[in-house]
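Basis for what follows: all heavy atoms, side chains included, without hydrogens, waters or symmetry-related copies. Computed from a predicted structure; not experimentally measured.
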Amino acid sequence: MRKEDKEIMLKIYRTMLTIRTFEEKARSLVLEGRMYGALHLYSGEEAIAAGVCSCLRDTDCVTSTHRGHGHCIAKGAETKRMMAELFGRVTGYSKGKGGSMHIADMAKGVIGANGIVGAGLPIAAGVGFAQKYNGEDNVTVAFFGDGATNRGTFHESINMAASQMLPVIYVCENNNYAMATSFPYHSHNKTIAQRAQAYDIPGVAADGNDAEAVRAAALEAVERARAGGGPSLLEFRTWRHHGHFLNDQQKYKDPKDQEYWLTQDPIPRFEKALLESGTASQAEVDSVKADVIEEIEEAVRFGESSPQPAFEVIFEDLYV
């Protein structure tokens with residue numbers, strides 16, 4: 001394996017671990033009463049954000065969802081500023097006024113997480129239009145869940161991107177549930193990817209818990225878009241370990257399904273692949289784990305010790 005390939009694989013592994021550690025720490029902080037607000041955890045889906053964003057440049061853009069921490073971290077957002085935002089502190093990305101679902105980092109191409117289902121899709125088309133209009137070779141990735149594919153924004157956005165050959169990659173994170181509604185119940189399609197046929201664009205379905213499979217599919221779509229070949233629709237089947245939101249008891253899930261999917265956890269799967277292929281040694285894996293734990297602990301210290309916003313700032317940063 002080439003040195004650069006090893007570096008990419010280790011970076012993907014670090015990204016996945018960082019996302020998981022961030023999410024599980026945030027979960028424990030809320031349960032301990034040290035942090036407040038809604039949380040839609042990304043645990044279990046890390047291979048998608050890490051695999052896709054490993055194909056992107058800083059100048060490329062992503063639009064995210066209510067379950068957006070993983071996308072932000074994978075695209076390079078600072079965990080300290082993200083944690084501060086979850087704590088509602090002025091050092092956060094939205095100065096403590098946006099919370100979990102509204103993190104954005106324009107310097108890293110994170111156009112923004114979004115609490116409205118499917119809202120990032122037309123935004124991505126707009127960004128892709130601007131990229132093409134300005135003669136750039138940058139691309140935009142729109143992350144969304146299976147539930148968003150039944151909204152008009154999904155079809156309208158892809159139709160525009162296809163008709164204008166925009167450099168947008170549509171990434172469906174199909175975790176089998178739109179809140180509590182199962183995918184087979186809300187869709188007659190066997191896959192989301194097959195809907196690409198209606199717009200005459202490539203549609204690819206792959207294992208969303210296999211980071212290498214995700215990267216391979218994403219890399220092909222990104223290279224096509226960058227070269228002027230237009231949009232693609234990628235579907236990655238995965239599973240969220242927790243409920244739709246933090247206090248969701250997941251009574252709608254079959255316990256056997258939960259048990260099976262936990263055996264498909266993307267992080268131990270990828271770690272095993274790294275070790276068995278000789279891509280990484282146990283010492284290297286252990287070093288990454290230690291670094292990630294310290295990074296997230298430092299993020300917590302930074303966020304929790306940062307000042308609260310003053311009441312007066314409620315009137316700032318408004319569009320009139």
Legend entry - P167 and its side-chain contact (heavy atoms from CB on, under 4.5 Å) partner, picked from T140, V139, D137: V139
Inset, instruction - Mark yes when over 12 heavy atoms from residues, nucleotides or ligands other than Q258 sit less than 6.0 Å from its CD; otherwise mark no. - result: yes
Inset, instruction - Return yes if a side-chain donor-acceptor contact under 3.5 Å exists between N138 and Q131, otherwise no. - result: no
Inset, instruction - Could you note down all residue pairs passing salt bridge (Lys or Arg N to Asp or Glu O under 4.0 Å) where residues 63-72 supplies at least one of them, sequence neighbours left out? - result: none
Legend entry - Spatial distance of atom OG1 (T238) from atom CG (N174) [nearest 0.5 Å]: 9.0 Å
Inset, instruction - May I have all residue pairs that pass ring-ring contact (aromatic ring centres under 6.0 Å, His included) and include part of residues 246-305, sequence neighbours excluded? - result: Y177-Y252, W239-W261
Inset, instruction - Hydrophobic side-chain clustering at under 4.5 Å (ILVMFWY, transitive links): who's grouped with Y199? Put none if nobody. - result: L121, F129, Y133, F144, F154, I158, M160, L166, V168, Y170, F183, I192, I201, L233
Legend entry - E259 with K253: basic N within carboxylate O range, under 4.0 Å: no
Legend entry - Pair listing, salt bridge (Lys or Arg N to Asp or Glu O under 4.0 Å) test, anchored in residues 103-130, at least two apart: D58-K108
Legend entry - Gap separating the CZ atom of R34 from the NZ atom of K25, nearest 0.5 angstrom: 6.0 Å
Inset, instruction - Report the distance from atom NE2 of H244 to atom NE2 of H66, rounding to the nearest 0.5 Å. - result: 4.5 Å
Inset, instruction - Using side chain to side chain contact (heavy atoms under 4.5 Å, CB included) as the criterion, list what pairs up with E295, not counting sequence neighbours. - result: T18, T79
Name the atoms and distances for all side-chain donor-acceptor pairs under 3.5 Å in residues 312-320, with sequence neighbours left out.
from: D317; atom 1: OD1; to: K95; atom 2: NZ; distance (Å): 3.3
from: D317; atom 1: OD2; to: K95; atom 2: NZ; distance (Å): 3.3
from: D317; atom 1: OD2; to: K97; atom 2: NZ; distance (Å): 3.0

Legend entry - Interatomic spacing from OG in S54 to CD in E7 - rounded to 0.5 Å: 13.5 Å
